[in-house]
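Worksheet: the structure to be examined is printed underneath.
Within every chain, numbering begins at 1; the chains are lettered A, B, ... in the order of the sequence lines, protein sequences first and strands thereafter. Note that these values count all heavy atoms, side chains included, but never hydrogens, waters or copies made by symmetry.
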4 protein chains.
Amino acid sequence: MTPSPERRRELLSTAAEVFAAQGYNATTVRRIADEAGMLAGSLYYHFDSKESMVDEILSTFLNELWAGYDEVLAAGLGPRETVEALVTESFREIDRHRAAVAIYQKESQHLATQPRFRYLSESQGRFERAWLGVLERGVAEGVFRADLDIRLAYRFLRDTVWVAASWYRPGGLHSPEEIARQYLSMVLDGITPRGDTDTSRPDTRHDTTTVRPS
Amino acid sequence: MTPSPERRRELLSTAAEVFAAQGYNATTVRRIADEAGMLAGSLYYHFDSKESMVDEILSTFLNELWAGYDEVLAAGLGPRETVEALVTESFREIDRHRAAVAIYQKESQHLATQPRFRYLSESQGRFERAWLGVLERGVAEGVFRADLDIRLAYRFLRDTVWVAASWYRPGGLHSPEEIARQYLSMVLDGITPRGDTDTSRPDTRHDTTTVRPS
Amino acid sequence: MTPSPERRRELLSTAAEVFAAQGYNATTVRRIADEAGMLAGSLYYHFDSKESMVDEILSTFLNELWAGYDEVLAAGLGPRETVEALVTESFREIDRHRAAVAIYQKESQHLATQPRFRYLSESQGRFERAWLGVLERGVAEGVFRADLDIRLAYRFLRDTVWVAASWYRPGGLHSPEEIARQYLSMVLDGITPRGDTDTSRPDTRHDTTTVRPS
Amino acid sequence: MTPSPERRRELLSTAAEVFAAQGYNATTVRRIADEAGMLAGSLYYHFDSKESMVDEILSTFLNELWAGYDEVLAAGLGPRETVEALVTESFREIDRHRAAVAIYQKESQHLATQPRFRYLSESQGRFERAWLGVLERGVAEGVFRADLDIRLAYRFLRDTVWVAASWYRPGGLHSPEEIARQYLSMVLDGITPRGDTDTSRPDTRHDTTTVRPS
DNA sequence: AATGAATGAGCATTCATTCAT
DNA sequence: CATGAATGAATGCTCATTCAT
């Protein structure tokens with residue numbers, strides 16, 4: 001009566017939570033099974049291996065992430081609006097896939113050395129190209145500061161956003177959109193007061209921070 | 001039974017490098033021994049356990065870190081200058097203890113659950129209080145924006161700085177001071193151009209970014 | 001709870017094939033089920049256990065084998081004719097129960113240690129007594145060489161015949177009777193040419209090599 | 001004080017004995033360790049894996065075997081003398097490597113499917129070519145019967161000799177040379193009496209049954 | 001008759017650690 | 001100081017078997 005895919009998803013969700021909390025290596029298959037209320041061996045009815053569990057967790061997450069990103073990148077927005085939309089989308093993904101993001105942060109470098117996880121490096125590459133492109137375009141159009149070290153700025157933005165997964169708890173005080181707004185405000189305008197009145201309030205108009213106006 | 005402190009330091013340095021590269025759990029004692037040109041068992045002449053190695057690596061690092069931080073905090077600088085000095089000091093520590101910082105980033109959350117590593121949480125707490133204090137003072141004095149969510153800004157700054165250890169390579173193009181300057185520029189003034197002329201040039205005067213002018 | 005005997009036979013045949021190909025221990029119940037187009041658990045509707053499958057395969061085979069042997073032994077043939085008939089009968093059994101014979105060859109020594117498979121040792125004992133008797137009688141009557149080490153000759157004959165199951169493929173170039181003839185020729189007369197004309201042509205008269213002239 | 005290679009040999013000998021008695025798959029690493037008076041994990045100080053144990057057992061055996069065979073094949077003996085020498089050499093190897101031969105018999109077909117054990121198939125091929133060559137030459141020179149099915153005779157000889165490893169016990173009544181003599185007598189001249197006087201006594205002159213006159 | 005899901009015992013293997021030499 | 005050999009606990013995984021449906 002319980003169709004297989006549902007059970008898989010439940011188990012993967014459990015596994016992701018444990019992986020995120022303890023680290024992939026430090027997590028034993030027995031621990032996951034405990035958490036799922038079954039015996040270690042029983043997990044192997046649903047999954048080939050511990051590795052295939054992280055694999056499915058990470059690839060599912062990345063697929064959803066890129067669906068969102070691609071929509072943003074294809075929307076033809078200006079550089080600033082693209083940055084806003086990408087950051088907002090990222091916080092939404094952190095909200096929806098907190099555990100997966102945390103695993104990705106902690107383990108991807110280590111996992112990417114294995115052929116099976118090549119897609120992690122590829123995603124990383126796509127990610128970098130997308131961000132560098134937006135930043136360069138922004139500088140060219142005068143939307144971003146001309147004195148930026150683009151690569152440094154890229155790393156700054158990338159890390160700044162994703163590390164949030166290590167402390168973010170869904171259902172907390174702030175919605176992902178709210179956090180995105182605050183982060184964008186700091187990143188775009190800095191933490192010191194601006195001379196001109198208007199820019200001190202970061203972009204909170206929904207139309208620019210998201211493609212999906214849901 | 002008189003292990004020379006020098007050999008210890010060498011071995012710890014080797015261990016730190018491997019821990020940073022592969023992760024603490026994924027690193028075998030044998031791997032460290034290989035790298036040090038000895039057999040696994042021989043390490044136990046110098047150290048009690050693998051755990052005591054990370055312990056020594058992390059505590060040595062934190063001691064040095066706090067020596068620098070305390071000097072900054074005791075110097076009676078203004079909020080902005082304090083932030084500048086703390087960030088610069090942090091990048092200097094990343095430069096000097098890259099491996100230790102990377103280990104700290106990846107493993108501290110996990111390790112801090114054990115009583116032996118309580119000092120990690122304590123350091124974290126001190127760190128948080130220091131930063132929150134500076135930020136609050138800055139907002140009160142009008143040096144930082146009044147609409148900041150202080151806790152969010154704290155996390156933003158903290159993560160922003162330390163994650164750099166995951167990609168920073170000592171002896172690269174940029175000196176730690178240079179990177180600190182760029183980061184501070186983005187954090188303080190944002191990545192979009194400022195309306196008023198002066199603030200677009202970030203604070204690069206040495207006197208304010210560091211207490212130790214060495 | 002009325003499993004049809006036909007299905008049982010089909011499944012046993014499938015199982016025997018896999019056991020013979022991969023070895024009993026190396027064969028998983030799942031593999032057999034795959035081959036039979038069902039799930040592993042479903043086999044347990046038909047059989048108590050994996051062990052009971054080999055048991056049934058081997059005992060069925062041995063029953064048929066001894067039916068043939070007993071007929072030969074009871075026919076009152078001379079020693080040479082008895083040897084010929086036994087060898088021919090053996091190759092016929094290899095032809096009909098190739099998989100079972102192969103399993104018997106590979107696993108009987110191992111299985112015979114368990115009480116359940118005592119009949120394997122018993123069969124082995126009967127087999128040995130029958131052969132030793134024929135050989136002794138043959139030597140006494142001058143039909144076989146007087147300088148034979150009877151026990152060695154027994155092992156030689158026994159192994160020589162049964163190992164053929166490891167390479168024999170039913171439906172190949174040679175019929176079991178043809179192979180029996182060739183083997184008997186080598187065993188009885190040797191592989192070097194005989195001085196006297198007649199014996200170089202091995203005994204191929206059907207009447208002596210089999211009791212069942214079918 | 002116990003140099004490594006010696007211990008290795010001891011352990012391999014123990015392992016070979018257990019493998020031969022129980023079969024490779026059915027043998028647990030614990031069982032081997034028990035027999036060696038150590039814990040299962042300790043074996044891994046000496047060997048990479050259970051597989052590498054069989055590997056070393058079989059390859060060591062095959063190397064020695066081929067050293068003997070090559071000497072025989074290079075000696076330029078006539079077909080009959082070559083057969084005698086090969087068979088005698090084979091029984092000597094059975095005497096010296098009984099366990100390895102038994103393992104080879106039972107497991108080689110199964111193991112040869114793995115790339116690591118390709119040398120098993122290669123050895124098998126060399127073996128076949130050598131035997132077929134001698135038999136063909138013997139038939140051509142009139143030393144062996146013209147009506148032989150060469151391939152069948154090859155299998156007959158091959159199996160006949162090697163299966164002996166399943167019952168042979170070193171230090172028993174018969175020396176390997178003695179057994180070889182008896183087997184050769186049966187194989188060359190058959191188990192029925194010859195018309196001509198002399199050939200009923202098989203070749204027992206040392207000079208022809210062995211290259212190494214030790 | 002067969003499925004889907006689970007059990008539980010056992011297995012090969014890893015690894016931090018110990019210790020006599 | 002370092003080695004060589006071993007320990008023992010834990011780990012990921014396999015597989016025959018069970019059983020409600």
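Within the structure, no pair that satisfies the ring-ring contact (aromatic ring centres under 6.0 Å, His included) test touches residues 27-49 of chain A, not counting sequence neighbours. The side-chain hydrogen bond (donor to acceptor under 3.5 Å, both in side chains) contacts involving residues 29-43 of chain C comprise C:Gln22-C:Arg31, C:Arg31-C:Glu35, where partners must be two or more places apart or lie in separate chains.
Legend: residues meeting salt bridge (Lys or Arg N to Asp or Glu O under 4.0 Å) with B:Glu107, ordered by chain and number and at least two apart, are absent. Take A:Phe117 and apply the ring-ring contact (aromatic ring centres under 6.0 Å, His included) test, not counting sequence neighbours, and it matches no residue. Contacts of D:Tyr24 classified as ring-ring contact (aromatic ring centres under 6.0 Å, His included), with partners at least two apart in sequence or in another chain: D:Phe19. For A:Ser123, the side chain to side chain donor-acceptor pair (under 3.5 Å) test picks out A:Trp66, with sequence neighbours left out. Every residue was checked against the side chain to side chain donor-acceptor pair (under 3.5 Å) condition with B:Arg118, not counting sequence neighbours, and none meets it.
Side-chain N/O atoms of A:Arg7 include none lying less than 4.0 angstrom from OP1 or OP2 on E:dG4. Proximity of D:Arg31 to the phosphate of E:dC11: no side-chain N or O atom is located under 4.0 Å from OP1 or OP2. For E:dG4, the OP1/OP2 oxygens have no side-chain nitrogen or oxygen of A:His46 closer than 4.0 Å.
Atoms CG (D:Leu43) and C1' (F:dT7) sit 12 Å apart, rounded to a whole Å. Counting to the nearest Å, the P atom of E:dA5 and the CD atom of A:Glu10 are 11 Å from each other. Whole-Å rounding puts the B:Leu39 CG to E:dC19 P distance at 18 Å. Spacing between atom CD of B:Glu6 and atom C1' of F:dC1 amounts to 15 Å, rounded to whole angstrom units. If you take OH of B:Tyr45 and P of F:dA2, they are 8 Å apart, rounded to a whole angstrom. Taking atom CG of residue B:Asp34 and atom P of nucleotide F:dG4, one finds them 13 Å apart after rounding to whole Å. Summarising the geometry, the separation between CZ on B:Phe47 and C1' on E:dC15 is reported as 19 Å, rounded to the nearest angstrom. F:dG4 atom P lies 15 Å from atom CE of D:Met38, rounded to whole Å.
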What's touching nucleotides 14-18 of chain F from the protein side, N or O pairs under 3.5 Å?
residue	atom	partner	partner atom	Å
F:dA16	OP1	C:Thr27	O	3.3
F:dA16	OP1	C:Lys50	NZ	3.2
F:dA16	OP2	C:Val29	N	2.7
F:dT17	OP2	C:Tyr44	OH	2.6
F:dT17	OP2	C:Lys50	N	2.8
F:dT17	O5'	C:Tyr44	OH	3.4

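Ion pairing of C:Glu56 with C:Arg8 is present here, as a side-chain N (NZ or NE/NH1/NH2) and a carboxylate O approach within less than 4.0 Å.
Between C:Ala165 and C:Val101, the shortest heavy-atom distance links the atoms CB-CG1, 3.2 Å.
DNA chain E forms stems at E:2-21 with F:2-21, each a run of 3 or more consecutive Watson-Crick or G-U wobble pairs whose two key distances fall under 3.5 Å.
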